[in-house]
2 protein chains.
Amino acid sequence: MVRAGHGEDRSTRERVTRAAVGLFAERGFNGTGIRDIASAAGLTTSTLYHYMTNKDDLLVEVMLGTITPLRDAALKIISEIDDPSVCLATLVEHHVWLHASDTLGTLVSDTELRALPAERRAQMVRLRDEYERSWHVVIHRGVETGVFDTLNPDLTARSLVQMATGVSHWFSAGGELSLTRLCHAYSDLALGLVRASRPGGVPIRRDDLTLPAPTHYLPDRPAT
Amino acid sequence: MVRAGHGEDRSTRERVTRAAVGLFAERGFNGTGIRDIASAAGLTTSTLYHYMTNKDDLLVEVMLGTITPLRDAALKIISEIDDPSVCLATLVEHHVWLHASDTLGTLVSDTELRALPAERRAQMVRLRDEYERSWHVVIHRGVETGVFDTLNPDLTARSLVQMATGVSHWFSAGGELSLTRLCHAYSDLALGLVRASRPGGVPIRRDDLTLPAPTHYLPDRPAT
DNA sequence: GTCTATATGCAGATAGAC
DNA sequence: GTCTATCTGCATATAGAC
């Protein structure tokens with residue numbers, strides 16, 4: 001998306017991005033110096049500037065890389081899946097999968113918006129709001145059809161996003177919990193949160209549902 | 001807590017703290033300069049240093065001011081309230097009340113840990129972990145007594161804290177939602193999340209419970 | 001594409017007069 | 001308690017040789 005047309009070293013560019021996102025996650029954008037990024041990528045600062053235009057663009061690139069796949073998938077999900085419980089669970093599992101498989105990128109995207117200059121920040125906020133709108137849509141559908149039962153649908157939607165986003169603060173790939181089970185646990189929590197139930201009043205559990213694989217709505221590959 | 005014994009101007013010191021927390025919340029700790037704080041408080045940088053020792057201490061002060069009352073109240077709550085549903089709801093409402101009535105301070109406390117030098121950060125993390133332990137205790141109690149029903153109690157506790165913390169990202173005092181109704185809504189969400197139910201299997205709603213006022217466990221005064 | 005050297009400005013913090 | 005003036009060092013970013 002940002003590459004130039006001629007023969008640049010693509011793997012070096014990726015090393016720069018990875019070094020940057022790691023440092024941004026650890027020390028924050030404003031706590032990370034150009035020199036830190038350069039040395040983490042094994043370059044001098046001058047060489048670093050051959051692979052990027054400036055520090056801000058580096059941050060924007062990281063954010064677009066996480067927010068865009070979230071927004072695009074969410075729009076697909078709410079347009080393809082009618083059943084509110086299935087739709088919500090799918091939204092949750094896609095969100096959790098992406099956050100757990102890219103904890104650094106999502107953490108930076110979620111916490112460094114304020115480091116951007118006003119115009120860029122507004123652009124990112126717009127994308128994020130578009131994404132969150134899908135959550136509101138699902139909740140309202142569920143409430144209107146009587147499948148969900150919650151006092152304040154908008155507050156509920158916000159709470160769900162906030163909850164599912166927390167994964168990136170603590171999940172580590174090597175741990176005891178597999179990605180699949182993690183997604184499973186979170187979607188079950190979400191169904192309880194909205195008090196999803198069948199007409200008789202029986203609560204709906206994640207196990208009662210058949211969902212697309214959490215990877216089904218990913219952009220291309222499962223992001224290692 | 002940090003005041004010196006002799007005749008310092010206490011209101012100026014408070015103006016400094018308020019200016020600092022506002023700027024930290026808006027631009028982040030590392031995005032805020034000493035000069036910014038000074039001019040926001042109506043002082044020169046030299047005068048500013050008469051009221052503080054350094055920038056780090058200012059941040060620590062803000063964090064202690066939010067984390068300590070959370071931790072202290074939580075210990076009281078889990079030791080005084082046996083019923084898991086009532087206990088959890090009380091924990092939630094106290095947390096939400098504090099976060100909504102001091103959105104700036106709690107936001108800074110939650111997002112700027114990484115800006116502190118290692119030793120101080122470790123101290124703050126210890127306090128925060130002590131606080132979160134109370135949430136784990138309540139969840140485990142509820143699961144053991146069969147009142148709660150959740151797949152992964154620790155993940156559930158983390159999710160609850162994360163969810164309730166989100167208030168400080170968006171709540172504004174002038175809005176349509178009163179503090180009391182906000183607390184009410186969140187504790188009802190929490191009870192759904194853990195699938196709290198009576199022996200017969202009937203879900204427990206916040207309205208079914210009698211709780212202490214959300215202000216009951218505050219340190220002194222309701223923080224304006 | 002990669003380097004050495006450097007421009008320019010702001011960061012946190014202090015000296016010392018009043 | 002408050003000021004003017006200033007120290008020291010690091011920040012982002014660039015110039016220009018190889």
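Protein chains get the first letters and strands the later ones, always in sequence-line order, with residue 1 at the start of each. It should be emphasised that the depicted structure is a prediction, and the values quoted were computed from it without experimental measurement.
Although no hydrogens or angles enter the test, the distance criterion places no donor-acceptor pair under 3.5 Å between the side chain of B:Q162 and the main chain of A:M163.
In this entry the distance linking NZ of B:K55 with P of C:dG12 reads 4 Å, nearest Å. Look at CG on B:L48: it is 11 Å from P on D:dT2, rounded to the nearest Å. The distance between atom CG of B:D56 and atom C1' of C:dA13, rounded to the nearest whole Å, is 12 Å. Nucleotide C:dC3 holds its C1' atom 13 Å from the OH atom of A:Y51, rounded to whole Å. Atom CZ of B:R27 is separated from atom P of C:dC10 by 14 Å (rounded to the nearest Å). Distance B:L43 CG to D:dG1 C1': 10 Å, rounded to the nearest Å. Look at CG on B:N54: it is 17 Å from P on C:dA11, rounded to the nearest Å. To the nearest angstrom, P of C:dT2 lies 14 Å from CZ of A:R13.
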Which pairs, protein N/O on one side and nucleotides 14-18 of chain C N/O on the other, fall under 3.5 Å?
from	atom 1	to	atom 2	distance (Å)
C:dT14	O4	B:S46	OG	3.0
C:dA15	N6	B:S46	OG	3.2

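Between B:G42 and A:M52, the residue whose closest nucleotide on DNA chain D is further toward the 5' end is B:G42.
Near DNA chain C, meaning a heavy atom under 4.0 Å from it, residues 29-38 of chain B has B:T32, B:G33, B:I34, B:R35 in order of number.
Not counting sequence neighbours, A:R121 has no partner by the salt bridge (Lys or Arg N to Asp or Glu O under 4.0 Å) test. Not a single salt bridge (Lys or Arg N to Asp or Glu O under 4.0 Å) links A:E80 to another residue, sequence neighbours left out. In this structure, A:R141 has no salt bridge (Lys or Arg N to Asp or Glu O under 4.0 Å) partners at least two apart in sequence or on a different chain. In terms of the ring-ring contact (aromatic ring centres under 6.0 Å, His included) criterion, B:F148 has no residue partners (sequence neighbours excluded). Remark: B:E132 pairs with no residue by the salt bridge (Lys or Arg N to Asp or Glu O under 4.0 Å) rule, at least two apart or across chains.
For the salt bridge (Lys or Arg N to Asp or Glu O under 4.0 Å) condition, the pairs that include at least one residue of residues 31-49 of chain B, sequence neighbours left out, are B:R27-B:D36. Within the structure, ring-ring contact (aromatic ring centres under 6.0 Å, His included) contacts touching residues 98-117 of chain B (residues at least two apart or in different chains) are B:H95-B:H99.
Note: A:R158 CZ to A:H136 NE2 = 6.0 Å, rounded to the nearest 0.5 Å.
If you check C:dG1, D:dC3, C:dC3 against the side chain of B:T47, the one that comes closest is D:dC3.
Regarding contacts with the backbone of D:dT2, every side-chain N or O of B:T44 stays at 4.0 angstrom or more from both OP1 and OP2.
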